[in-house]
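Working notes for the structure below.
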Amino acid sequence: MEQVTELSYALDTFYFLVCGALVMWMAAGFTMLEAGLVRAKNTAEILTKNVGLYAIACIMYMLVGYNLMYPGEPILEGILGQFSVLGRDDNAAADVIASGGETYYSGLSDFFFQVVFVATAMSIVSGAVAERMKLWSFFTFAIILTGFIYPIQGYWKWGGGFLDAAGFSDFAGSGVVHMCGAAAALAGVLVLGARKGKYGKDGSVKAIPGCNLPLATLGMLILWLGWFGFNGGSELKVSNVEEANAVALVFVNTNMAAAGGLVAALLLARAWFGKADLTMALNGALAGLVAITAEPLTPSPMAATLIGAVGGLLVVPSIVFMDRSFKIDDPVGAISVHGVVGIWGLLAVPLTNDEASFGSQLLGIGTIFAWVFITSLIVWFALKAVMGVRVSEEEEYEGVDIGECGLEAYPEFAKTGE
Amino acid sequence: MEQVTELSYALDTFYFLVCGALVMWMAAGFTMLEAGLVRAKNTAEILTKNVGLYAIACIMYMLVGYNLMYPGEPILEGILGQFSVLGRDDNAAADVIASGGETYYSGLSDFFFQVVFVATAMSIVSGAVAERMKLWSFFTFAIILTGFIYPIQGYWKWGGGFLDAAGFSDFAGSGVVHMCGAAAALAGVLVLGARKGKYGKDGSVKAIPGCNLPLATLGMLILWLGWFGFNGGSELKVSNVEEANAVALVFVNTNMAAAGGLVAALLLARAWFGKADLTMALNGALAGLVAITAEPLTPSPMAATLIGAVGGLLVVPSIVFMDRSFKIDDPVGAISVHGVVGIWGLLAVPLTNDEASFGSQLLGIGTIFAWVFITSLIVWFALKAVMGVRVSEEEEYEGVDIGECGLEAYPEFAKTGE
Amino acid sequence: MEQVTELSYALDTFYFLVCGALVMWMAAGFTMLEAGLVRAKNTAEILTKNVGLYAIACIMYMLVGYNLMYPGEPILEGILGQFSVLGRDDNAAADVIASGGETYYSGLSDFFFQVVFVATAMSIVSGAVAERMKLWSFFTFAIILTGFIYPIQGYWKWGGGFLDAAGFSDFAGSGVVHMCGAAAALAGVLVLGARKGKYGKDGSVKAIPGCNLPLATLGMLILWLGWFGFNGGSELKVSNVEEANAVALVFVNTNMAAAGGLVAALLLARAWFGKADLTMALNGALAGLVAITAEPLTPSPMAATLIGAVGGLLVVPSIVFMDRSFKIDDPVGAISVHGVVGIWGLLAVPLTNDEASFGSQLLGIGTIFAWVFITSLIVWFALKAVMGVRVSEEEEYEGVDIGECGLEAYPEFAKTGE
């Protein structure tokens, strides 16, 4: 029996690590997606931003964030301990067995899974502020979001705080991760303003196409793959029949929602613009994924497809009107994909999960949005006052790659765009 | 004991899900491979085709295909049920235990694994018809292949139909998946005709190089990785010593066959053309993978290497003669890689597996090819009559990206090609 | 009980296979990294080199290397056996149970894991000799390194040879894999000389930027992901509480070391050059990964971050001085990342692991470096004498793609560089 308990613990831990590795891989997804959707002259900088923010998120969450979000966990001592020998605890097996099933996976595997989530939230911001933001101001914001803003609202839900007590339901983070990132991004875009030349004084709106759509497509597909870990790992356990079935359903629903979102967005774009707009298809798939993230376990696969499809139908007009009507310049559509559709995902929970209510969902949406948006706005304004947030006009014209990174992403490929 | 049965079920389910995620990742492989092997002006469209067909395959297989292919499975009810709570069946554990080992993994994990296979078959088609086909006719074909043509022949073998009864042996789908895709592709290419300028009236053949070989190489490597899930998952079980050894052997043989195919094709290209032709090396590796897919379990790793190498030796002349002699314009060599080598893989089964016979293999090859080729041909002709299958000459000259998708894949990189 | 032993065996085998697949994926990482860091005109050749060396490594290690490195293993017979039915050993389960825990995973899963390690070592070489080396001389060297040079030193440590007996500690191969690759690369670069135009007669040093930084970034992120398998799999076992905790710690430490290395290198580059140099950030992350590879199990995550950060701080000046002061032309910085930082990683082991000593570590470093460097030098000189190692000046000027592969990597993108 004890050997079975140990084996069960090992399987749950391994499952958690595999899912965490898939979520880490989403960092590559965001990096490629965003690199594909900006202009060539700003590509090296957005690559630097993405790899840098991932590293910053890991370090800040280790130092501060994890402890803020899960205050009772004894693991931090080990993480921060100098040169301790954490992996070799002679009593570990006895403790697991004595816990009677309460401790069923390695605390470190949980830390690994959580830390890659933080990076996901921060990745959402980088796309929205692309092509005109100062790199080191961005990194400073990343320190504050990943160390403080994200973990505090994460605690409210996943750490056992008041949103959890109030019945707010968010399985894998349509709100805690995706809408959180979008709210921070929106604050950033408002402080930063639009890219030069994006909106004419006569009210005209200029489309600025991404320079490398195969990269953007690769990024979307990486995110799709990584999302199996994101949602699948959020079940937290796989080692019995019920849990294994639950994880399998989460995988299926995640896949179907993405498919539904993609097809819906593609059809809508075809009907609206007359063309099969690839970037809308990509955003439709991501919208499907964001939409199902709040509750991938209670819908049937058919329902998951529809939840994703609604996400895809929402994201297309959201991107269009955010741009044309509100003049919010979000080069990759991150605020629509993760914010607008994140809200849809949260509101869709009560449709299939009897334990959720619209009231609790609205409370959660309002609380998280207000907290992240307001604190982010304060931080962005403080950064603007202290370091500045926007590159100079010349640097923006020339491309931030040269100014910020001192190199070009594609030095040999002639540029014909502006 | 019951806990052990549950744990065993959980491990098999998790293994299936991990393998399924790897096969889903093959969608990215095909997407990158094909995007790298077409010209820049047709890249956005082939990206759209690939992500679109994947989503369509998932939806059609859920709605229709899975039920056609595995008619007895009770799972469909759950999948199609509106807002059912599929993951939470209170009797699931009791049922598994009562089954005495017959039910050893989640039905949903099987659905997930199967659905990504369908997409693989359809991905094979998209490369062959690249650069001149109407996007929406292609999507319509995808609906029919993934919903009907594929599942029906899949039932004949894997659903327990007459090919299975006749002793036809196809472990992971050299025939059911790869040759199936190639037969549909061949029918499409015949109906569609060659790209403009490909074959001169004087009998000359123009090489049309792919625009982005790093992408194509990435695509091949993604496919190689994904194939561990494709073949490794097809063992269906890992949770005892015999099965674990079998899965390990399948991983090793899959890897060795790809290596053998790559080296053989590279050496043959070097000897024949005097150059180490990268695209032949890529197709050689894929040929090795296709070749071993029909039987990755009975060969020794050395034999697997040789089976893969023969695949690599076949694919080079197949691509050359298909192009030069038969004037079949297959921009990515998909018909050779998946069709010609798929047949080789099926015929190689009796060499190492005593339970297979050449007669049964030939029966399976003939049946699947005839079914898929003829039904596809009918569908392609019907599409030609109803919607048209080929873009206009102007659109083809300008590139299908503008015409079909309304955007360019690389708007800033100057094009020097035609 | 027997079922539990079988299940445990299955979990350990599956864990090994998943980790091995992640390491195989590192082949794609090196391929993209190197393709992004060379010029466009030499891209197809470096792609060919990378996919070719992976295949060669697999075949040579199967034929010769594995047997040299692990001489006692009975597995080789099965691997080389013609058409044997290796996966189906009726006594396998009985043997595992009778072994009393000694045989706890499939020998084939170990072979799979080991074979992808060999390819990693060889991949390190290809970047350093980029842009001027004859392709077939390179492949010949790959045959010798992967079949003989690597396995012999691998045996000294991991096969139970004298370095293991002497207390040399190298968990996952900072020395056996990374420094080994770097030593072979250094020998190659010394024999080959610098690229034309790299060092002026007046002592000037010309920077030759890579042509596709998104690819290089993708490559780094692939390597980061793959490294979870590289280090995580090197624990060899996951199926009880202690081992599961150990594997989780290895995942966390691997991630933190990469983050530490990236941030440290980025800050140093910012301070030194005034710019956030993306290529230094990429090399910093890789340096962090190499540094933690020798001992990812005894440091706390905090200590792992610092060990990685020191790696990042070392790699920047190492790359700069190797280039400017020593005129060692290593286009991708492989010798610094894998060699200099590999040595740091080995020397850092005694800081957290009481069972290691600086003396043993120095013995290991000296032995491995001397063996690999000297044998490689001999082979490179022999190749120079027999086949030549360097392409002609014209071919180098024109790009090795045309000369060696007969095709271009980006035929449609205008080149503005040299």
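Here the structure is a predicted model, which is why all the values come from computation and not from measurement. Below, chain A is the first sequence line, B the second, and so on; all start at residue 1.
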Handout entry: Pair A:Y54-C:N255, side-chain donor/acceptor within less than 3.5 Å
Key =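 Yes, side-chain donor-acceptor contact under 3.5 Å.
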
Problem - Engaged part of A:V96 at the chain C interface, taking heavy atoms whose separation is under 4.5 Å - result: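 Contact with chain C is through the side chain of A:V96 alone.
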
Pairs of heavy atoms under 4.5 Å with chain A: top-ranked of [options]:
options                        : result
C:G284, C:A276, C:A207         : C:A276
C:P214, C:A281, C:G210         : C:P214
C:L218, C:T305, C:V250, C:L22  : C:L218
C:L225, C:L282, C:N253, C:D277 : C:L225
C:G261, C:A285, C:A259         : C:A259

Practice task
Step through the shown structure and confirm whether more than 12 heavy atoms of other residues, nucleotides or ligands are within 6.0 Å of CD on A:E398.
Solution key: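 Above 12, so yes.
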
Quick check for you: to the nearest 0.5 Å, what is the distance between [X] atom [atom1] and [Y] atom [atom2]?
X      : Y      : atom1 : atom2 : answer
C:L278 : A:D401 : CG    : CG    : 8.5 Å
C:L221 : A:F30  : CG    : CZ    : 13.0 Å
C:R270 : A:C405 : CZ    : SG    : 10.5 Å
C:K275 : A:I402 : NZ    : CD1   : 8.0 Å
A:L47  : C:T217 : CG    : OG1   : 4.0 Å
C:F413 : A:E412 : CZ    : CD    : 12.5 Å

Handout entry: Min side-chain heavy-atom separation A:F113-C:F251 under 4.5 Å
Key =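 Sidechains of C:F251 and A:F113: no contact.
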
Handout entry: Heavy-atom side-chain contact between C:M302 and A:L63 under 4.5 Å
Key =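 A side-chain contact exists here, since the closest heavy-atom pair is under 4.5 Å.
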
Part of [X] lying under 4.5 Å from any heavy atom of chain A:
X      : result
C:W25  : side chain
C:N212 : both
C:M220 : side chain
C:L215 : neither

Problem - Residues of residues 5-19 of chain A contacting chain C, heavy-atom criterion under 4.5 Å, by residue number - result: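 Expected list: A:E6, A:L7, A:Y9, A:A10, A:L11, A:T13, A:F14, A:L17, A:V18.
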
Handout entry: Those residues of residues 130-145 of chain A, ordered by number, that approach chain C below 4.5 Å (heavy atom to heavy atom)
Key =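 The list, in residue order, reads A:L135, A:W136, A:F139.
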
Handout entry: Contact winner vs chain C - A:A44, A:A57, A:C58, heavy-atom pairs under 4.5 Å
Key =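 Among the listed options, the one with the most contacts to chain C is A:C58.
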
Practice task
Of all the heavy-atom pairs spanning C:L262 and A:G52, show the shortest one and how long it is.
Solution key: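 Minimum heavy-atom contact is CD2-CA, 3.9 Å.
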
Problem - Heavy-atom closest contact (C:A248 atom, A:L108 atom, distance) - result: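 Taking C:A248 first and A:L108 second, the nearest heavy atoms are CB-CB, 3.9 Å.
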
Practice task
Dump the intermediate steps for side-chain contact (heavy atoms from CB on, under 4.5 Å) on C:Y410 and A:Y410, then the final yes or no.
Solution key: CA-CA 12 Å; C:Y410 307 104; A:Y410 307 103; over 6 Å; no

